[in-house]
Amino acid sequence: MTPCPNSYFARDTLEVAHDLVGALLVREDPAGNREPLVGRIVETEAYTQDDPAFHGWNLYDEETDTVRSEGRGADLFTAPGLGYVYLCYGVHWLLNVVTEPEGTGGAVLIRAVEPQSGIDRMRSRRGDRRERDLTNGPGKLTEAFDIDEAFHQTSLTESPLFFVADALPDSETIVTSSRIGISKAVERPWRFFVEGNRFVSPATPSAQKA
DNA sequence: ACGAGGATGCTCT
DNA sequence: GAGCATCCTCGTG
């Protein structure tokens with residue numbers, strides 16, 4: 001269980017978003033008394049600094065190669081491997097990990113995981129429902145994993161919350177589609193997910209080969 | 001299965 | 001005051 005290091009995230013955002021599909025998301029109990037919560041990531045989305053759907057859109061000035069440090073989106077230009085966690089629709093926390101070298105904007109949204117360990121505790125947090133409904137959406141998995149603003153701008157390369165790289169089995173294929181729930185740059189195929197996996201979020205635009 | 005509508009709070013204009 | 005990187009419940013087929 002070696003966490004993905006900062007260098008893993010200091011890469012092209014599309015590559016990181018692709019490679020995180022199949023990786024594990026691990027949430028350890030700080031006290032160490034209980035087994036960790038573990039989910040295998042089956043769906044991600046990429047957001048980049050030249051992307052109108054990006055929260056830090058237009059903070060980067062190409063002419064002067066500088067970044068305006070105003071507002072929420074500025075945290076997307078911080079060091080790779082940090083958390084970017086924000087409240088969506090006033091209701092749900094969404095988990096992103098910052099990508100690209102510091103000073104370049106980028107993040108990967110974790111949209112769905114397949115529970116692997118700690119399922120009983122996920123269900124106790126989420127309510128008694130089908131296993132696939134515990135974590136098949138970006139707001140659902142943060143509730144199942146007890147992730148909120150406390151992880152904003154904290155390191156996601158060490159306990160208690162980190163990623164572990166893992167390859168997909170031969171039986172599974174990564175495909176892409178347009179991203180979910182955005183109104184700008186909707187044509188960019190920057191959603192990555194495991195084809196046919198039942199833990200992928202319900203909204204599923206037509207897929208293309210990754 | 002599928003669609004409509006409401007909850008709820010932060011950010012930016 | 002509008003617009004969200006969403007989810008849940010409750011209708012109707």
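Labels below follow one simple rule: chain letters A, B, ... track the order of the sequence lines, proteins then strands, and each chain is numbered from 1.
Relative to the side chain of A:S183, the nucleotides C:dC7, C:dC4, C:dA5 differ in distance, and C:dC4 lies closest.
Remark: A:E63 engages no residue in a side chain to side chain donor-acceptor pair (under 3.5 Å) (not counting sequence neighbours). Here A:R11 pairs with A:Y8, A:E15, A:V16, A:D19 under the side chain to side chain contact (heavy atoms under 4.5 Å, CB included) rule; sequence neighbours left out.
Applying the ring-ring contact (aromatic ring centres under 6.0 Å, His included) test to residues at least two apart or on different chains, none of the pairs has a partner in residues 103-124 of chain A.
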Give me the distances for all protein-to-nucleotides 10-13 of chain B N/O pairs that come in under 3.5 Å?
| unit_1 | atom_1 | unit_2 | atom_2 | d |
| --- | --- | --- | --- | --- |
| B:dC12 | OP1 | A:R72 | N | 3.4 |

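Atom pair A:L95:CG and C:dC7:P shows a separation of 13 Å (rounding to whole Å applied). Per the geometry, CZ belonging to A:F192 stands 19 Å off P belonging to C:dA5, to the nearest Å. Rounded to an integer number of Å, the gap from CD of A:E43 to C1' of C:dT6 is 13 Å. At whole-Å resolution of the value, OH in A:Y47 and P in C:dC4 are 12 Å apart. Across the protein-nucleic acid pair, A:K140 atom NZ and C:dC8 atom P stand 5 Å apart, rounded to whole Å. If you take NE2 of A:H92 and C1' of B:dG6, they are 11 Å apart, rounded to a whole angstrom.
Contacts with DNA chain B (heavy atom under 4.0 Å) in residues 121-139 of chain A: none are found.
With salt bridges taken as basic N to acidic carboxylate O contacts below 4.0 Å, none links A:R40 and A:D166.
A:K184 has no side-chain polar atom (N or O) that falls below the 4.0 Å cut-off from OP1 or OP2 of C:dC4. Put simply, A:R111 has a side-chain N or O that comes within less than 4.0 Å of OP1 or OP2 on C:dT6.
In terms of modelled atom types and a separation under 3.5 Å, the side chain of A:R125 and the main chain of A:E143 share a donor-acceptor contact. Judged by distance alone, with hydrogens and angles left aside, the side-chain atoms of A:T13 form no donor-acceptor pair with the main-chain N or O of A:T99 at under 3.5 Å. Between the side chain of A:R179 and the backbone N or O of A:A46 there is at least one donor-acceptor pair closer than 3.5 Å. A donor-acceptor distance shorter than 3.5 angstrom exists from the side chain of A:Q49 to the backbone of A:G105, with no hydrogens or angles considered.
Between A:Y60 and the options A:T104, A:T66, A:D65, A:D50, a side chain to side chain donor-acceptor pair (under 3.5 Å) holds for only A:D65.
Mapping A:Y84 and A:E143 onto DNA chain C by nearest heavy atom places A:Y84 at the nucleotide closer to the 5' end.
The side-chain heavy atoms of A:D12 and A:H18, taken from C-beta on, include no pair separated by under 4.5 Å.
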For DNA chain B, what is the dot-bracket line, given that a base pair needs Watson-Crick (N1 to N3, plus N6-O4 or O6-N4) or G-U wobble (N1-O2 and O6-N3) geometry with both distances under 3.5 Å, and | means paired with another strand?
|||||||.||||.

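By the 5.5 Å and 30° criteria, A:Y89 is not stacked with the base of B:dG9.
Annotation: the span from A:L156 atom CG to A:F9 atom CZ amounts to 7.0 Å, rounded to 0.5 Å.
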